[in-house]
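In what follows, chains are A, B, ... by sequence order, proteins preceding strands, each numbered from 1.
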2 protein chains.
Amino acid sequence: MKRREFGQYCGLARALELVGERWALLIVRDLAARPRRYTDLIEGLPGIPSNVLSTRLKELEQAGIVERQVAPAPQRGLVYTLTASGRELEPAILTLGRWGATQLGEPRPGEIVTPESVTMVLRASFNETAAAGLTASWEVRAPGLVLHAVLTDGKPDIGPGPAPGDADLVITVPLDGEIPAYRYLMQAMKCGLVELAGRRDLLDTFTRVFTPPQAV
Amino acid sequence: MKRREFGQYCGLARALELVGERWALLIVRDLAARPRRYTDLIEGLPGIPSNVLSTRLKELEQAGIVERQVAPAPQRGLVYTLTASGRELEPAILTLGRWGATQLGEPRPGEIVTPESVTMVLRASFNETAAAGLTASWEVRAPGLVLHAVLTDGKPDIGPGPAPGDADLVITVPLDGEIPAYRYLMQAMKCGLVELAGRRDLLDTFTRVFTPPQAV
DNA sequence: CCGAATCCGCAGTGATACTG
DNA sequence: CAGTATCACTGCGGATTCGG
């Protein structure tokens, strides 16, 4: 399985050799949100051919970016996880995603939103300065979507699924239809078109902490 | 020329649709260093097929990332430049390149280094904190390579070619052979195996300003 | 059901040659 | 110098099949 090379001794070229193939960075993004099984990945990557996913996972495993593990406690089966160097890709993914977000425009027909993509946008929108020193937890709910964001002394834990323990504030965005994109979630929050349960004063904190300095 | 899509309303997916095709980000990297002509690009991207370069440039132009211009003063001809949104890709390129640099290992046989790639590594290595408030200029020379780095009150101008005006310090790295990779340049500087012309005290400043906090 | 492997048609790519 | 043109090849997309 000889991989195609760029012939340059350059960090960018090497990065593209390792994660530049089609679908590769999207797979890493999904795994950065949380460990996933093969079929979870298929579901979160609309239209990926199963043979391509299989090939990418092997390449990423060989590159030391992805690990294949037997799932721990309840559900057994195989899960794919990022290794340490895979996790170090997160800043690159977030930075590239921030740029892409400026090019998004309106959703095109058929384009979907997944919990993993919203998770990464939420991480990309995290404003370290605004969060400094804060401790609080939120749970965001919308159709097909539950996310948690926990701040511990300014350090974020942002991911899909409910907050561990009880969230200080549960924000429910009462929209219809499919999973809404992050921008529509934030729009609803800033207009107050949300249902709150818990410390209502933390809604404003949330929008400030999850709006990047340069805006998305 | 229908472009392949990922079917996700997500910044990362959109970014990959726009600059995820083979060679695209390397072309953007070369143009981020300085405007280049078609044949300059061919020369700086070892092994790129000319038809692929041609196709990519058209796609990038249509995406509003690259502009085709008639060269200004002396040499006439066509040059390709980044648009504003193309220039906004630079943080993403630098971040991805920093990750790739951690995966580089030793140069593989036949891998080359180009002035554009070294320029981008120099920009990626810039340490804003260490540079704060400084004003100074350097010129780095090595076989096949001349770079300038100008600091004005902490603001960097880093690119290929000699410094505008006279550099405060000219650092010549006396190596043989092809263009050396950035890491070898820095190694030589930190060991003092360089020739200096100008304010010799600025050598140490240079190595501090161009070593990122987490090291490359 | 999960986790793939296999087969096929086609589009994107690589290599080379050629042209305004 | 700045690209087209041609053609072989391979990776990708789509579907189906297969073993645990």
Side-chain angles (χ1 to χ4, degrees), chain A residues 1-8 13 16-27 30-31 35-63 66-81 110-112, chain B residues 1-8 13 16-27 30-31 35-63 66-81 110:
Chain A
M1 199 181 298
K2 216 189 62 175
R3 80 172 51 257
R4 292 185 294 173
E5 298 168 1
F6 285 107
Q8 298 201 1
L16 293 173
E17 286 169 4
L18 295 172
V19 296
E21 306 289 307
R22 197 160 162 74
W23 295 103
L25 265 190
L26 292 177
I27 293 169
D30 275 18
L31 295 179
R36 314 232 71 198
R37 293 181 304 178
Y38 188 85
T39 38
D40 298 332
L41 290 167
I42 290 271
E43 193 183 355
L45 300 167
I48 189 174
S50 66
N51 57 347
V52 172
L53 175 57
S54 174
T55 306
R56 286 295 165 276
L57 286 171
K58 278 178 203 149
E59 291 166 352
L60 292 170
E61 198 178 346
Q62 184 159 12
V66 158
E67 261 174 358
R68 200 173 186 271
Q69 295 177 335
V70 176
Q75 74 274 50
R76 78 193 176 285
L78 301 174
V79 290
Y80 292 90
T81 322
E111 282 191 331
I112 67 164
Chain B
M1 197 182 300
K2 216 188 64 172
R3 85 171 46 256
R4 292 187 294 173
E5 298 168 1
F6 284 106
Q8 300 202 0
L16 293 173
E17 287 169 6
L18 294 171
V19 295
E21 307 289 309
R22 196 160 161 76
W23 295 103
L25 266 191
L26 292 177
I27 293 169
D30 275 19
L31 295 179
R36 313 232 70 195
R37 293 180 303 179
Y38 188 85
T39 39
D40 298 331
L41 289 167
I42 290 273
E43 192 183 354
L45 300 168
I48 190 175
S50 63
N51 57 348
V52 171
L53 176 57
S54 174
T55 306
R56 288 295 166 275
L57 286 170
K58 278 178 201 150
E59 291 166 352
L60 292 170
E61 199 178 344
Q62 184 159 11
V66 158
E67 261 175 357
R68 199 173 186 270
Q69 295 176 335
V70 176
Q75 75 274 50
R76 77 194 176 288
L78 301 173
V79 291
Y80 291 91
T81 322

Only counting residues at least two apart or in another chain, list the ones meeting side chain to side chain donor-acceptor pair (under 3.5 Å) with B/Arg22.
none

If the condition is side chain to side chain contact (heavy atoms under 4.5 Å, CB included), which residues does B/Asn51 pass it with, not counting sequence neighbours?
B/Pro49

Please list, by residue number, the residues of residues 41-50 of chain A whose heavy atoms come closer than 4.0 Å to an atom of DNA chain C; answer none if no residue qualifies.
A/Ser50

Quick one: which residue pairs count as a salt bridge (Lys or Arg N to Asp or Glu O under 4.0 Å) with a foot in residues 46-56 of chain B, not counting sequence neighbours?
B/Arg56-B/Glu59

Take atom CZ of B/Arg4 and atom P of D/dG14, then tell me their distance rounded to the nearest Å.
10 Å

Minimum-distance nucleotide to B/Thr39 side chain [options: D/dC1, C/dT13, D/dG3]
D/dC1

Taken to the nearest whole Å, CZ/A/Arg22 to C1'/D/dG14 is 13 Å

For B/Glu43, which residues count as a side chain to side chain donor-acceptor pair (under 3.5 Å) partner, sequence neighbours excluded?
none

Measure the distance from CG on B/Leu57 to C1' on D/dC1 and round it to the nearest whole Å.
14 Å

When you measure from the side chain of B/Tyr80, which nucleotide among C/dG3, D/dT4, D/dG3 comes out closest?
D/dG3

List the residues meeting side chain to side chain donor-acceptor pair (under 3.5 Å) with B/Ser50, not counting sequence neighbours, and say none if there are none.
none

What is the distance from CG of B/Leu60 to C1' of D/dG3, rounded to the nearest Å?
16 Å

Could you tell me which residues satisfy side chain to side chain contact (heavy atoms under 4.5 Å, CB included) with B/Leu53, sequence neighbours excluded, listed by chain and number?
B/Ile27, B/Tyr38, B/Leu41, B/Ile42, B/Ile48, B/Leu57

Partners of A/Tyr80 by side chain to side chain donor-acceptor pair (under 3.5 Å), sequence neighbours excluded?
A/Arg68

Is a donor-acceptor contact shorter than 3.5 angstrom present between the side chain of B/Asn51 and the base of D/dG3?
no

Enter the inter-axis angle for the ends of the helix from C/dC1-D/dG20 to C/dG20-D/dC1 (five pairs per end, rounded to 10°).
30°

